[in-house]
Amino acid sequence: MVINISFPRHGEMLPCVDIFVCTADPRSEPPSLVISTILSLMAYDYPAEKLSVYLSDDGGSIFTFYAMWEATSFAKHWIPFCKRYNIEPRSPAAYFSESDEPQEPCTPKEWSFIKDMYDEMTERIDSAIMSDKIPEEIKTNHKGFCEWNLEINSKDHQSIVEILVDGKDQNAVDNEGNVLPTLVYMAREKRPHHNHNFKARAMNALIRVSSVISNSPIIMNVDCDMYSNNKDTIRDSMCFFLDEEMGHKNGFVQYPQNYNNITKNNIYGNSLQAIKKVEMGGLDSVGGPLYIGTGCFHRREILCGMIFTKDYKVDWNGGAKDKIQESIVYNIEEKAKSLTTCTYEYDTQWGNEIGVKYGCPVEDVITGLAIHCRGWESVYYNPIRPAFLGVAPATLSQTLLQTKRWSEDYKSMDRALVFVFCVTNLYNLYEALSCGDTMKGWWNVQRMWMVKRMTSYLFGVIDTLRKLLGLSHMTFAVSSKVCDEDVSKRYEQEIMEFGSSNPEYVIIASIALLNLVCLVGGLCQIITCSWNIFVNTFSPQLILCGMLVTINIPFYEAMFLRKDKGRMPFSVTLASAGFVVLAFLIDIMIPIV
Ligand SMILES: O=c1ccn([C@@H]2O[C@H](COP(=O)(O)OP(=O)(O)O[C@H]3O[C@H](CO)[C@@H](O)[C@H](O)[C@H]3O)[C@@H](O)[C@H]2O)c(=O)[nH]1
Ligand SMILES: [Mn+2]
């Protein structure tokens, strides 16, 4: 008997959900791992007729397809087994790796039966990969295998879309007669001279392919290593969309990226606990978290560019499955293939206004920001039992590679960051002007903020620490209210007053000087380099450095140009020059690689 899940609040009205899984390379993402993830997703406690699972295979690999075909048969035993005994986790690889012995509450006989079946299946898949060949008798079992011939490789092949389980087909049932979720394999067309935009375009192809097969109003996506670790995740997520008061504002629900292979002391720092537990949750107060590419539920409409309006209403019936005839399946597959050709997106808004954005390898973050810009909010949910578990890089070089890729990605976010920087400052300027400040006044305030951060706050923190440690006593330094005539005159003329030497001036002068030297050095490098390198590498640093030098102009004047008594004391200028020379010497002697 399959456990009967009841949904008292929404009952029959639960929306259909399309699940997207992306894989790219059968060598680094073994097909047996991919299908374990797929099986965990097919086994969710959610009405199977409302679920469709899609795999995008950017590796275009017959072995991945073969593994999917094997998974189709295994699912007929695995899903009822999971539901009967309330198994967690529902990835067979993860479940069987937990123990070599039969686990409660299932009978040893049944446990061994399923385990043997699973082991035999993975062995068949692995040996096919080892021998680089799929047995001929297997190939006759599904027309899909005909798509592959000797010329096909991962970078050059036609579109492939195969519906492995058609949830609308009355014969697609498990060994207890229950409906199976729809299961689709897709490899979008690849040609050597086309830009494939990695996962982002694969996701967009999935959005289109699924629109002609199941067209569910909710789309969930995971990377192929992120198996479902919690059978209730879909139902949990629906609470955020179906909520009568707040649900309509919510565009997506993001889960954290958790790993099942973190060492006790997190040796490579892959598990970002504070970010996951505190920071991401905190973002809920400012419209919600960003989209991080995996473990996320979206409304289909918002991925397709819909703008939020107050009276937004969704039709949860979308994706409801009408029974269709077999002949139509062929037509649907052909239609779906035509949507994943290399040229399909030419002259369209895909990757821009529609779908996941292109042009930035951290496409997910940019896509999430765009959704927020269109007025939607998002929700972060981090349940006690993690919803998804993936594989964290387990070597230093893999960790560094991943971080390098992410940081390279962030470099391409420069434009976004510069935009944010400009907008916040412009808004700040607008506020100042509308409160009666002058433009120059605003500029001076910016300079003083910078100076205070480098000096007063720093010394303030040090003082506080000294007091806490009992090294000094609380004092109150009264600020002077009187000054001589000369000083007052300069004050009225708005000329900065230095005069006596002061350790804080050394910090200000050293940093100002360092910026100046760096700017000059950078400019010299550009003169000897090509313009291209300048645009790609130097421009953001140069702009930043240039701005700092501009804001520091009064300090340079005080150090080198002024003659009055309020100028920077010579001793301070000398000391700061000494520090700058020291900084350069350290840099030369200990080169940072
Ligand atoms: O051309 C490609 C390249 C990658 N992928 C898939 O993209 C996913 C992420 O790639 P992975 O190598 O695992 O990178 P990670 O650094 O682990 O990915 C994290 O960072 C990415 C960039 O922010 C996000 O897109 C991912 O969801 C997030 O898990 C995997 O499922 C890949 O199969 C493709 O489908 N096509
Ligand atoms: Mn990954």
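Numbering of ligands and ligand atoms starts at 1, following listing order. Here, residue 1 is the first one in the sequence, and each next residue gets the next number.
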Those atoms of ligand 1 less than 4.0 Å from some heavy atom in [X]:
| X | answer |
| --- | --- |
| G293 | 27 (O) |
| D364 | 21 (C), 22 (C), 23 (O), 24 (C), 25 (O) |
| D58 | 1 (O), 2 (C), 34 (C), 35 (O), 36 (N) |
| T23 | 33 (O), 35 (O) |

Does ligand 1 have any atom that is closer than 4.0 Å to a heavy atom of [X]?
| X | result |
| --- | --- |
| E363 | yes |
| C224 | yes |
| I292 | yes |

Do NZ/NE/NH1/NH2 and the carboxylate oxygens of [X] and [Y] come within less than 4.0 Å?
| X | Y | result |
| --- | --- | --- |
| K335 | E333 | no |
| K337 | E147 | yes |
| E136 | K133 | yes |
| D174 | K76 | no |
| K115 | E120 | no |
| D223 | K199 | yes |

Which one of [options] has a non-hydrogen atom at the shortest distance from [atom]?
| atom | options | result |
| --- | --- | --- |
| atom 6 (C) of ligand 1 | K199, M203, K190 | K199 |
| atom 26 (C) of ligand 1 | D223, T294, V365 | D223 |
| atom 1 (O) of ligand 1 | Y259, F388, F198, F20 | F198 |

Mind checking whether Y66 and H142 have ring centres under 6.0 Å apart? no

Using the benzene-type ring in the case of Trp, are the ring centres of W376 and F241 under 6.0 Å apart? no

Does ligand 1 have a heavy atom under 4.0 Å from the side chain of M226, from its backbone, from both, or from neither? neither

Decide whether an N or O pair under 3.5 Å exists between A202 and ligand 1. no

Do ligand 1 and D225 have nitrogen or oxygen atoms that lie under 3.5 Å from each other? no

Just checking, R208 and W350: is the charged tip under 6.0 Å from the six-membered ring centre and within 45° of the axis? yes

